[in-house]
Amino acid sequence: MATPKTPGTKGSRFRATGADVILPSRNLSGTSKAVRPGSKQGKGTTITNTLTQFSANAIENVSKRTDINEIIRVLTREDGLFGSAANSMVALSVGAGFRIAGYDPTGAMSTEVMAMGYSIMDSFSQLHDYSKGYNDKPGMQSLLTTMQMDVVGTGGCGAELVLDPAFGPERLVPIGYSTVEWEADGKGGRYPTQDKGKVNLNIPTVFIGEHNRNADEAYAVSLLRPGLSHTINFNGFLEDMHRALNRTGHSRLIATIIAEKIKAAADDQTKADPLKMGALYDRVRTEVMDALAGLEPEDSVVTYDSVTYDVKDTGGNKADYTSMLTTLGNLLGAALKTPASVSGLRAGGSQALSNAETLIYLQVVKGTRPPVEEVMSRALTLACRLAGVDGYIAFEFMPINLRPEAELEAYYGTRQKRVLELLSWGVINDAHACWEMGIRPQGLTEVLAGTQFYAKNASAAPETEAGDRTSSSGAALNPSTPGQPGS
């Protein structure tokens, strides 16, 4: 009778098995499986930088391309409004910071799992085997920015947890969603591949997140895709308006050649021959045109009295472009999910309108975060389990707030008071309190949950004498900012 193979034995499919956890196999350690820029080139081969060349007509040629992801990538780099919309979403989403929550198998928040999650993230960003040379591991902030930009630009993101030879988590590397091709697994599901199926990513260390994918479609698309046609139309309108203003919107220098004085200056033989007089007129006209061809606005003109000059407004019908520009700008802002108050196209309107647009925009930015949070949560969960900690991680970005940190200090104090009271009475545990206040649990010196350390009178505001606010100097020296949170 054959001996059953247990986890960790030779020929076993799995390296280790916990109570409810099955970990990946050994053959995934030591190298990255996914294809990234430069990963197919041999050692010592230069990775060419193709982004240093500038093309003045790059935006004009965009309409001739067919690859949506390539078009979005070019517009993000070359077009001001399009690039501002994409980069603003990424900056607001990632710049707010992040926090993680660690849970044990029962679903309760655990300081052990949370501390392990933060330690693993530190190792991804900072720790490195210096004997191996250059540290090619992306830092956590760089990794999150790359993944968030991928979500905005392509509709999804991915990452691979690369394992070291000891079968521990070594680093996280991003995977471009535009390079992922799904294949059916024959069981109603799918798994990712790259390079037309040549690179099989049906492995547990690869994680893919998608943004707003339809239930009846296999791929997600960028939320900026509806703005492609509007961006091309808007740029085309600006070019037409520029040409029209150059033609009818600027003053013109008009030179008038006085034929009588040219004829009077000619000799008798020339005057008697119409052909010679015609040639003389043509020569004078050509000389005047050549003299004025390279004229700069600050140059002066010195001539005989046979030619007169005048600066005149060309007049004509000039269309009012303001209303058309406003309409096209609003359509472009709606297509790019970036209102005019954010893109800078707002030429009028009230402050209340700008506030409403900004609040809606922040909700749109918030909606782009789940794919990155999902990928990071799953990757950190696997990393913790490989490190021997049974639990799972929930990664999330901090809420977006546009106010300065100093202005939010009183609100932070109110939140801290509420969290400490709940912790004091044991309603939440220490891990939950650390998560609420955005601090790491590694520095905790004792367990405080349920010890009633935060008595009711401990947060009572001391009675202080109110300062004089009747004069302007007194109001400046005694501001109305509450001295205690919640007062």
Side-chain angles (χ1 to χ4, degrees), residues 3-36 38-43 98 100-105 110-144 146-147 158-175 191-192 194 199-208 374-395 440-442:
T3 304
K5 292 182 173 57
T6 59
T9 60
K10 184 178 180 181
S12 173
R13 181 183 176 189
F14 307 107
R15 176 178 183 269
T17 304
D20 298 311
V21 180
I22 301 178
L23 297 180
S25 58
R26 283 185 183 271
N27 58 2
L28 296 178
S29 62
T31 183
S32 174
K33 309 299 181 183
V35 176
R36 304 187 311 280
S39 61
K40 288 187 175 182
Q41 298 186 8
K43 183 178 180 180
F98 60 86
I100 63 174
Y103 298 88
D104 60 21
S110 168
T111 56
E112 179 187 6
V113 180
M114 190 183 300
M116 178 57 68
Y118 277 114
S119 299
I120 290 175
M121 295 177 72
D122 290 340
S123 67
F124 289 160
S125 298
Q126 310 296 339
L127 302 182
H128 175 60
D129 184 358
Y130 299 106
S131 64
K132 296 182 179 180
Y134 173 72
N135 183 7
D136 190 36
K137 295 192 297 185
M140 190 54 57
Q141 194 68 21
S142 174
L143 175 67
L144 295 175
T146 300
M147 294 171 63
E160 180 185 3
L161 178 63
V162 182
L163 309 181
D164 57 24
F167 208 71
E170 180 184 5
R171 67 185 186 273
L172 271 176
V173 294
I175 300 175
Y191 59 87
Q194 287 180 313
V199 180
N200 190 341
L201 298 182
N202 188 17
I203 52 179
T205 54
V206 170
F207 310 93
I208 304 294
E374 176 185 333
V375 169
M376 291 299 301
S377 298
R378 294 180 176 180
L380 290 174
T381 296
L382 177 57
C384 285
R385 292 180 170 181
L386 290 172
V389 177
D390 190 7
Y392 60 95
I393 297 291
F395 176 97
R440 297 189 174 200
Q442 287 95 324

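Heads up: numbering here begins at 1 and tracks the sequence. Just so it is clear, the structure is predicted and the values come from calculations on it, not from any experiment. Just so you know, these numbers use all the heavy atoms, side chains as well, and skip hydrogens, waters and symmetry mates.
Applying the side-chain contact (heavy atoms from CB on, under 4.5 Å) criterion to Asp104, with sequence neighbours excluded, gives Thr106, Ala108, Ser110. Partners of Asn202 according to the side chain to side chain donor-acceptor pair (under 3.5 Å) rule, which considers only residues two or more places apart in sequence or in another chain, do not exist here. Residues passing the ring-ring contact (aromatic ring centres under 6.0 Å, His included) test with Tyr118, sequence neighbours excluded: none. Checked against side-chain contact (heavy atoms from CB on, under 4.5 Å), Thr146 has the following partners two or more places apart in sequence or in another chain: Ser142, Pro174. Applying the side-chain contact (heavy atoms from CB on, under 4.5 Å) rule to Ser125 yields the partners Met140; only residues at least two apart in sequence or on another chain are considered. Among residues two or more places apart in sequence or in another chain, the ring-ring contact (aromatic ring centres under 6.0 Å, His included) test is passed with Tyr134 by none.
Without hydrogens or angle criteria, Arg385 side chain to Gly391 main chain gives a donor-acceptor distance under 3.5 Å. Looking at Thr381, its side chain does come within 3.5 Å of a backbone N or O of Ile393 through a donor-acceptor pair.
The shortest non-hydrogen separation linking Glu170 to Leu163 is OE1-O, 3.8 Å. Of all heavy-atom pairs between Leu161 and Ala379, the closest is CD2-O, 3.9 Å. For Met114 against Ala101, the heavy-atom pair with the smallest separation is CE-CA, 4.0 Å. Scanning both residues, Val113 and Gly102, for their nearest heavy atoms gives CG1-CA, 3.8 Å.
Taking 4.5 Å as the limit, some side-chain heavy atom of Phe124 sits within range of a side-chain heavy atom of Pro169.
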Go through the steps to decide whether Ile208 and Leu201 satisfy the test side chain to side chain contact (heavy atoms under 4.5 Å, CB included), and finish with yes or no. CA-CA 10 Å; Ile208 304 294; Leu201 298 182; 5.9 Å; no
Decide side chain to side chain contact (heavy atoms under 4.5 Å, CB included) for Gln194 and Val206; before the verdict, give the C-alpha distance in whole Å, the side-chain angles of both, and the deciding distance to 0.1 Å. CA-CA 12 Å; Gln194 287 180 313; Val206 170; over 6 Å; no
What's the verdict on side chain to side chain contact (heavy atoms under 4.5 Å, CB included) for Leu143 and Met376, showing C-alpha distance, side-chain angles and the deciding distance? CA-CA 10 Å; Leu143 175 67; Met376 291 299 301; 4.3 Å; yes
Dump the intermediate steps for side chain to side chain contact (heavy atoms under 4.5 Å, CB included) on Tyr191 and Asn200, then the final yes or no. CA-CA 8 Å; Tyr191 59 87; Asn200 190 341; 3.6 Å; yes
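Remark: Glu374 CD is packed, more than 12 non-hydrogen atoms of other residues, nucleotides or ligands lying under 6.0 Å away.
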